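Working notes for the structure below.
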Amino acid sequence: MIVPELGEYALILALCLSLLLATVPQVGAMRGNTLWMGFARPLSKGMLLFTLISFLCLGWAFLNNDFSVAYVANNSNTALPWYFRLSAIWGGHEGSLLLWVLILSGWTVAVASRSRGLPADIVARVLAVMGLVAAGFYLFILFTSSPFERNLPAFPPQGADLNPLLQDIGLIVHPPMLYMGYVGFAVVFAFAIAALLSGRLDAAWARWSRPWTAVAWAFLTLGITLGSWWAYYELGWGGWWFWDPVENASLMPWLVGTALIHSLAVTEKRGVFKSWTVLLAIFTFSLSLLGTFLVRSGVLTSVHAFASDPDRGIFILIMLATVIGGSLLLYALRAGQMKSESSFGLLSRESLLLVNNVLLVVVCATVLLGTLYPLIVDALGLGKLSVGPPYFNALFTPLMALLLLTMGVGAVSRWKQTPLSLLARQLWPPGLLALGLGAGCAWLYAGELKPWVVLGLVLSWWVVLAGLRDLYNRLHHRREKLQGLRRQPRSYYGMVLAHLGVAVTVVGVALVSVYTEQRDLRMQPGDSLSFRDYTFEFQGSTPVQGPNYSADQGQIRVLYKGEPYALLQPEKRHYAARGNMMTEAAIDPGFTRDLYVALGEPLEDGAWAVRMQYKPFVRWLWLGGLLMAIGGLLTATDRRYRKRLRPAPARAEA
Amino acid sequence: MTPKRKQRLMMVLFILAGVGVAVGLTLFALNQNLNLFYSPTQIATGEVPQDTRIRAGGMVVEGSVKRDPDSLFVQFDITDYDNTVTVEYAGILPDLFREGQGIVAQGTLNERGVLKASEVLAKHDENYMPPEVADALAKAGKLPAPKGQEFNK
């Protein structure tokens with residue numbers, strides 16, 4: 001069949017369209033040629049169409065087990081269930097890049113169709129920038145990593161199978177979500193570049209790009225949350241964050257993206273921080289690209305690094321240099337034209353948000369340093385080393401604590417100028433209450449006060465209570481409180497949800513980090529172990545057969561305070577196609593605690609090495625992430641972004 | 001100085017101070033938490049200080065894995081085919097730990113020259129050898145020839 005060739009051909013057509021999209025509307029916008037600018041929308045739709053065709057062709061090859069396609073042969077197997085065969089499309093380097101461009105062209109069309117109210121030249125420029133980014137990726141795929149390459153004539157009768165770690169619902173959804181986030185930041189990047197190019201650096205571009213940024217951020221949050229959840233149950237050892245370079249690669253754009261969301265708000269509302277916001281937009285997208293580069297180039301070796309082809313690395317490096325260098329050059333040329341439209345006092349919402357921005361960027365810089373330092377040292381030939389999690393924890397925790405502290409202050413502060421006395425008057429009750437409640441909860445939970453737990457709980461209460469104080473400020477003038485609640489804009493509720501999510505996550509992090517209990521034990525059938533009111537009774541293991549693996553299933557009976565409670569059946573799987581061993585943990589999930597059991601290795605006489613864990617409040621980590629994501633999406637649906645915008649009056653200095 | 005300038009100056013000073021503190025803390029934390037990688041040869045020739053956290057990697061010597069029958073304590077040797085280092089570890093070994101395969105152990109060297117590991121890492125791919133180990137073996141001139149058909153690049 002020639003379907004894979006059709007896929008490749010469609011991809012080439014998509015490249016051609018993206019090149020046209022990158023040039024024609026841009027030139028049209030420069031010359032004021034409406035016809036040329038008008039090509040932007042149809043061209044982006046064509047780009048999406050052909051990318052989609054290409055993607056479907058690859059999907060067809062996977063569904064039909066076309067092992068003459070090298071990528072399919074490397075990542076699939078006839079024994080694989082159909083849904084994993086489909087998710088295997090993005091189980092490797094080539095296919096995940098195809099997903100990347102598919103999502104990028106999807107975002108491009110979304111911008112094209114949701115931008116009716118925007119000035120034509122801005123739309124043309126934004127879409128052109130997105131076309132340019134897409135062109136880079138199409139070239140990358142076609143020249144260095146085509147998923148359609150054939151293994152002819154001697155193709156294998158059976159595929160090598162998908163990495164068993166990736167045969168999981170987590171993999172079906174985690175990469176698309178993460179990419180939606182990464183690629184979504186291309187929109188705000190395109191808006192920033194378009195604003196720089198057109199010289200119209202007013203607050204309007206901030207308003208246009210805010211909902212897009214919020215949606216991208218929400219998806220990225222969801223992607224990171226899913227990744228953490230997946231690592232928790234699938235990597236087999238109950239960790240939820242490893243400070244692995246690949247995780248850091250997704251955390252960095254998230255941190256700067258969070259700063260960007262806040263800075264965009266200031267730029268839109270007050271017309272200040274303009275150049276800073278543009279810079280953040282550039283950084284956020286650059287870090288997204290860097291994330292793709294770090295994960296995909298094989299510079300890092302981990303579950304996620306599929307390729308180790310130097311050509312690819314060099315190509316991405318060139319692309320990174322072009323994007324970052326080019327946009328920073330443009331920024332340097334144009335930043336001087338940006339003028340603040342107002343001023344603000346030393347103590348004001350603006351300056352508190354600036355503190356938020358500085359903290360987030362500093363955190364991101366420390367993560368970046370810890371992630372890249374080993375690579376740089378290695379590249380310079382100075383030796384091999386790794387940076388351990390203690391480095392990240394030592395910096396991340398205090399800086400985040402500081403951030404949470406300013407979050408509370410920021411919530412009740414006012415734009416322009418906030419008298420210190422007002423802040424003090426409004427914040428001492430929530431402050432005291434937070435101290436009391438935080439310490440009280442910590443005491444109630446454990447009967448002791450551990451500094452990190454108290455800090456985490458106090459700060460969470462602080463964020464929540466200061467938020468309530470803000471709500472009170474918004475309502476106490478109104479007679480109809482309920483109506484007042486309804487009158488608050490959606491973006492306000494989005495903010496509240498996201499901040500609540502942060503507090504929930506912090507509670508989870510604090511409690512699970514300090515109060516996790518773990519026992520690694522050699523267990524004979526009949527052995528039992530008790531801790532935390534639970535008794536774990538190992539009853540031996542039985543062999544079971546899965547669709548494409550065989551496994552030993554441990555039978556562990558759990559008693560709660562002596563009463564039968566549950567049967568946990570962790571597995572040790574052997575995937576025949578690759579000969580891989582996999583640990584499949586058994587989890588009894590709960591709102592306030594998880595029981596986590598995993599099989600280590602078989603020892604003689606039917607004994608196993610068994611790991612048993614009690615993980616308090618671990619679900620709160622992801623619940624918080626979910627709340628943040630919902631908050632981000634809610635913000636994006638605010639009415640003021642849906643209003644048809646009148647064309648902004650052209651600025652004289654343009 | 002005009003009030004506006006003064007305000008800007010305060011802002012700049014504030015940011016500079018913040019960045020300065022952050023840089024200082026960062027470098028300190030980084031220095032505390034660097035784990036340098038050593039090959040068995042480097043360990044055998046005494047290049048490695050005692051009681052410092054290091055990473056060491058090599059191939060697990062066939063037949064060297066000894067388990068304690070009552071606990072999870074395990075002892076094995078890793079080699080770069082020039083020199084050998086003994087590793088002691090109490091805990092669950094990773095799924096891909098096998099004799100004859102490359103691993104990386106993190107821990108400290110004691111006075112007997114035994115590596116007390118706090119963590120043993122083996123990567124999740126059959127053909128995969130930790131890059132540090134591959135590098136160390138290449139330096140010793142003992143890198144095994146790559147296998148024929150490799151699906152999992």
Side-chain angles (χ1 to χ4, degrees), chain A residues 73-74 93 156 159-161 163-165 235-237 298 301-303 306-309 343-346 351 354-355 358-359 362-363 365-366 369-370 373-374 383-392 394-395 398-399 520-522 572 578-583 598 600-601 603-604 609-611, chain B residues 3-4 6-8 10-11 14-15 18-19 21-23 25-39 53-55 57 67-74 90-98 104 106 119 123-132 135-136 149-153:
Chain A
N74 283 344
H93 165 83
D161 205 0
N163 185 342
L165 272 177
L235 289 184
W237 305 118
T301 37
S302 72
V303 193
F306 304 108
S308 39
D309 181 343
S343 63
F344 57 94
L346 203 55
S351 54
L354 185 64
V355 173
V358 170
L359 283 172
V362 168
V363 173
T366 59
L369 180 70
Y373 190 71
K384 300 241 180 217
L385 51 83
S386 72
V387 177
Y391 160 78
F392 294 101
L395 290 168
L399 286 169
D520 290 353
L521 202 68
R522 176 199 164 90
K572 195 61 145 193
R578 286 192 178 197
N580 281 0
M581 295 302 288
M582 272 280 306
T583 305
E601 55 212 302
L603 308 168
E604 61 269 27
V610 183
R611 169 169 293 185
Chain B
K4 190 159 181 173
K6 202 168 173 183
Q7 187 188 328
R8 280 205 182 150
M10 289 287 281
M11 221 38 142
F14 165 75
I15 293 175
V19 169
V21 171
V23 167
L25 273 175
T26 308
L27 291 180
F28 177 73
L30 194 61
N31 255 328
Q32 296 291 305
N33 291 296
L34 289 181
N35 306 313
L36 286 159
F37 178 87
Y38 293 97
S39 69
R53 267 168 76 86
I54 61 159
R55 285 156 81 93
R67 285 176 199 280
D68 182 65
D70 299 318
S71 70
L72 293 178
F73 182 82
V74 58
I92 294 178
L93 291 166
D95 285 344
L96 282 181
F97 180 90
R98 235 161 278 169
V104 172
Q106 189 158 303
E119 207 178 349
K123 289 289 184 168
H124 271 278
D125 198 323
E126 273 294 283
N127 302 320
Y128 182 67
M129 191 186 302
E132 298 98 330
D135 204 49
Q149 174 76 20
E150 278 190 86
F151 277 120
N152 327 325
K153 268 192 253 183

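Each chain gets a letter, A, B and so on, in the order the sequences are listed, and its residues count up from 1. Computed from a prediction, not measured in an experiment: that's the story for all the values here.
- Heavy-atom distances place no part of Asn31(B) under 4.5 Å from chain A, backbone and side chain included.
- The contact between Val610(A) and chain B is made entirely by backbone atoms, counting heavy-atom distances below 4.5 Å.
- Under the 3.5 Å distance criterion, the side-chain polar atoms of Glu601(A) are left unmatched by any main-chain donor or acceptor of Ile92(B).
- Residue with the most contacts toward chain A among Leu36(B), Thr26(B), Val23(B): Thr26(B) (heavy-atom pairs, distance under 4.5 Å).
- Comparing Pro389(A), Gly388(A), Pro398(A) by how many heavy-atom pairs each has under 4.5 Å with chain B, the most go to Gly388(A).
- For chain B, the option among Ala394(A), Pro164(A), Pro390(A), Ala365(A) with the highest count of heavy-atom pairs below 4.5 Å is Pro390(A).
- In this view, Ser351(A) and Phe344(A), Ser348(A), Met11(B) satisfy the side-chain contact (heavy atoms from CB on, under 4.5 Å) rule, not counting sequence neighbours.
- A distance of 10.0 Å separates CG in Leu30(B) from OG1 in Thr366(A), rounded to the nearest 0.5 Å.
- In terms of heavy-atom pairs under 4.5 angstrom with chain B, the leader among Ser343(A), Pro374(A), Ala609(A) is Ala609(A).
- Side-chain atoms of Arg67(B) do not come within 3.5 Å of backbone N or O of Leu603(A) as any donor-acceptor pair.
- For a residue to count as touching a neighbouring chain, one of its non-hydrogen atoms must lie under 4.5 Å from one of that chain's; by this rule Val387(A) touches chain B with backbone and side chain alike.
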Problem set entry | Candidate pair Leu34(B) and Tyr391(A), rule side-chain contact (heavy atoms from CB on, under 4.5 Å), full reasoning | CA-CA 8 Å; Leu34(B) 289 181; Tyr391(A) 160 78; over 6 Å; no

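- Note that the CG atom of Leu395(A) and the CZ atom of Phe28(B) stand 10.5 Å from one another [nearest 0.5 Å].
- For Phe14(B), the part lying near chain A is the side chain, with the backbone staying farther off; criterion is any non-hydrogen pair under 4.5 Å.
- Contact of Leu521(A) with chain B is made through the backbone alone, with heavy-atom distances under 4.5 Å.
- Contact annotation for Tyr373(A): only side-chain heavy atoms (C-beta onward) come within less than 4.5 Å of a heavy atom of chain B.
- In this structure, OG on Ser386(A) lies 9.5 Å from CG on Asn33(B), to the nearest 0.5 angstrom.
- Partners of Ser71(B) according to the side chain to side chain donor-acceptor pair (under 3.5 Å) rule, which considers only residues two or more places apart in sequence or in another chain, are Asp68(B).
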